[in-house]
**Student:** 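Questions regarding the structure given below will be posed in turn.
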Amino acid sequence: MASFFSTVKRIYLAIYNWAVFTGWIQVLIFAIKALNESGPAAVYDAVEKPLQLAQTAAILEIIHGLIGLVRSPVSATLPQIGSRLFVTWGILHSFPETRTHILVSSLVISWSLTEIIRYSFFGMKEALGFTPSWLLWLRYSTFLLLYPTGITSEVGLIYIALPFIKASEKFCFRMPNKWNFSFDYYFASLAVLGIYVPGSPHMYTYMLGQRKKALSKLKAA
Amino acid sequence: MILKKTKKYYPSRQRLTLPTKPGVSGKPVVLSPKSKISDYCEKGTSDNLTVVFKDLGPQVLYSTLFFFEYLGPLVLYPLFYYLPLYKYFGYDDTNRTIHPVQTYAMYYWCLHYSKRILETFFVHRFSHATSPLSNVFRNCLYYWTFGAYIAYYVNHPLYTPVSETQWKIGFAFGLLCQVSNLYCHIILRNLRSPSGNGGYQIPKGFLFNIVTCANYTTEIYQWLGFNIATQTVAGYVFLVVATAIMTNWAMGKHRRLRKLFDGKEGRPKYPRRWVILPPFF
């Protein structure tokens with residue numbers, strides 16, 4: 001019985017990882033095509049659908065962690081997925097004025113490269129039971145460049161969206177009301193920017209630690 | 001002794017334990033500063049003993065930690081009440097009316113945190129003298145942020161008060177719980193002797209007869225009283241988070257006491273009691 005479930009689990013995770021992998025391949029190809037043919041301002045429109053689909057699918061990963069299907073700690077996946085969803089839906093989708101900025105190109109390329117490597121890494125593990133050492137090396141080394149470029153793009157896009165957020169009153173809930181509650185999307189966005197300050201070094205040093213562990217295992221093998 | 005060798009590792013920062021035997025699970029035995037080294041040596045063996053040293057990091061006194069945690073809310077809240085800060089948030093607060101409930105809320109809040117500071121210095125007996133320095137930043141962030149968050153809403157120029165009956169009941173209930181809470185703290189203090197033995201005893205008397213962590217119970221209900229009176233989402237969020245944290249602590253304490261007082265070897269058996277929040281658990 002137990003091995004039946006673990007086989008089903010493997011098949012499910014293999015399908016999940018390769019499916020999302022395909023989504024991100026699409027994003028990268030469409031982005032490069034748009035850059036070649038039209039330039040940075042056209043990138044968002046070209047990648048919008050596969051980007052939203054692939055990024056939102058990542059919510060499943062939080063559930064996988066919560067129900068114990070995968071070992072990744074929710075504390076590491078939640079902030080990463082949270083910030084991605086915030087930028088994808090809360091900034092790019094909600095404030096079209098940001099879509100033509102050049103940071104969209106750097107964002108999309110950083111995200112898609114990272115995710116293509118990550119999902120194929122897990123996809124191979126589930127489907128074949130192992131990963132080739134060059135893929136392991138890629139997974140634990142490309143972040144060294146792609147984390148800074150990705151984070152800079154995310155922070156930059158949130159920052160340039162701020163004046164549009166303030167002017168639009170979108171997602172805001174005002175006082176007076178019976179429950180003395182308010183929500184100001186502009187302040188919330190500032191708070192998110194604030195979280196990047198301790199959050200980014202935390203994520204980066206976490207990955208550095210993971211890298212050390214993974215590559216030393218490789219050497220020993 | 002270790003202090004002589006390395007000035008950095010003052011005694012409260014050291015943790016000396018016996019090395020864990022391979023195959024034996026559970027926490028390592030911590031050497032007590034009151035015992036002698038010879039107490040830990042096995043009989044008949046030599047006078048040498050291997051101990052494991054762990055650096056606990058820079059330490060502060062618990063009383064220092066509590067003082068700074070509570071000072072924030074005590075100072076920040078009145079700032080929102082007295083100073084015209086809301087114009088920096090884009091509200092015109094030149095002609096604001098202050099509702100009576102807002103004034104009483106400010107007195108209640110300041111009373112609460114003054115009480116906590118006084119208890120820190122005059123009532124509490126701490127089982128450990130110190131706490132890691134990093135806890136100062138973490139705890140202050142929690143208390144100060146929530147304090148400002150709640151103060152912002154209760155003192156807001158667009159604040160909507162509840163009925164007079166409701167806030168009177170809320171504050172009265174809250175005050176009753178605060179007094180009970182103080183009494184609980186005094187009972188807990190008397191469980192520990194001044195020589196600092198700090199061992200565990202079965203708490204009894206007053207609400208402790210029915211609830212293990214009656215001090216947390218009264219604290220939670222005290223905040224409930226404040227929220228019934230002031231009715232803000234911010235206040236209720238704080239209540240939920242604080243309750244979750246205290247429930248976590250209470251379950252640990254209850255478990256420890258039940259384990260210690262298991263009725264065996266002449267030890268009394270820990271009585272059946274609510275853990276923290278009757279009638280929930």
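We name chains A, B, ... by the order of the sequence lines, and we start the count at 1 in each one.
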**Student:** Could you pull out all residues at least two apart from Phe226(B) that satisfy ring-ring contact (aromatic ring centres under 6.0 Å, His included)?
**Tutor:**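 Per chain and number, Phe226(B) pairs via ring-ring contact (aromatic ring centres under 6.0 Å, His included) with Tyr108(B), Trp109(B), Trp223(B).
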
**Student:** Using a 6.0 Å cut-off, check whether atom OH of Tyr104(B) has over 12 heavy atoms from anything other than its own residue.
**Tutor:**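 Open: at most 12 neighbouring heavy atoms sit under 6.0 Å from OH of Tyr104(B).
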
**Student:** Under 3.5 Å, side-chain donor or acceptor atoms of residues 103-111 of chain A against the rest of the protein: list the pairs with distances, not counting sequence neighbours.
**Tutor:**
| residue | atom | partner | partner atom | Å |
| --- | --- | --- | --- | --- |
| Ser106(A) | OG | Leu103(A) | O | 2.9 |
| Ser106(A) | OG | Ser153(A) | OG | 2.9 |
| Ser110(A) | OG | Ser106(A) | O | 2.6 |
| Ser110(A) | OG | Thr149(A) | OG1 | 3.0 |
| Trp111(A) | NE1 | Glu154(A) | OE2 | 3.0 |

**Student:** Do any of residues 178-199 of chain A come closer than 4.5 Å to chain B, heavy atom to heavy atom, and if so which ones, in number order?
**Tutor:**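 Expected list: Lys178(A), Trp179(A), Asn180(A), Phe181(A), Ser182(A), Phe187(A).
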
**Student:** If you draw a 6.0 Å radius around NZ in Lys213(A), do more than 12 non-hydrogen atoms from other residues or ligands fall strictly inside?
**Tutor:**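 No.
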
**Student:** Please check if atom CZ in Phe68(B) has more than 12 non-hydrogen atoms from other residues, nucleotides or ligands closer than 6.0 Å.
**Tutor:**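 Open.
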
**Student:** Atom CZ of residue position Arg174(A) - does it have more than 12 heavy atoms of other residues, nucleotides or ligands inside 6.0 Å?
**Tutor:**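 It does: Arg174(A) CZ has more than 12 such atoms within range.
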
**Student:** Do any of residues 151-163 of chain B come closer than 4.5 Å to chain A, heavy atom to heavy atom, and if so which ones, in number order?
**Tutor:**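 Result: Tyr153(B), His156(B), Leu158(B), Tyr159(B), Thr160(B).
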
**Student:** For Lys166(A), I'd like to know if atom NZ has over 12 heavy atoms of other residues, nucleotides or ligands within 6.0 Å.
**Tutor:**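 No - once you tally the heavy atoms of other residues, nucleotides and ligands closer than 6.0 Å, there are 12 at most.
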
**Student:** Check whether more than 12 heavy atoms from other residues, nucleotides or ligands sit under 6.0 Å from atom OH of Tyr107(B), and answer yes or no.
**Tutor:**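 No, not enclosed.
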
**Student:** Around atom CD1 of Ile102(A), are there more than 12 heavy atoms from other residues, nucleotides or ligands closer than 6.0 Å?
**Tutor:**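 Counting other residues, nucleotides and ligands, CD1 of Ile102(A) stays at 12 neighbours or fewer.
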
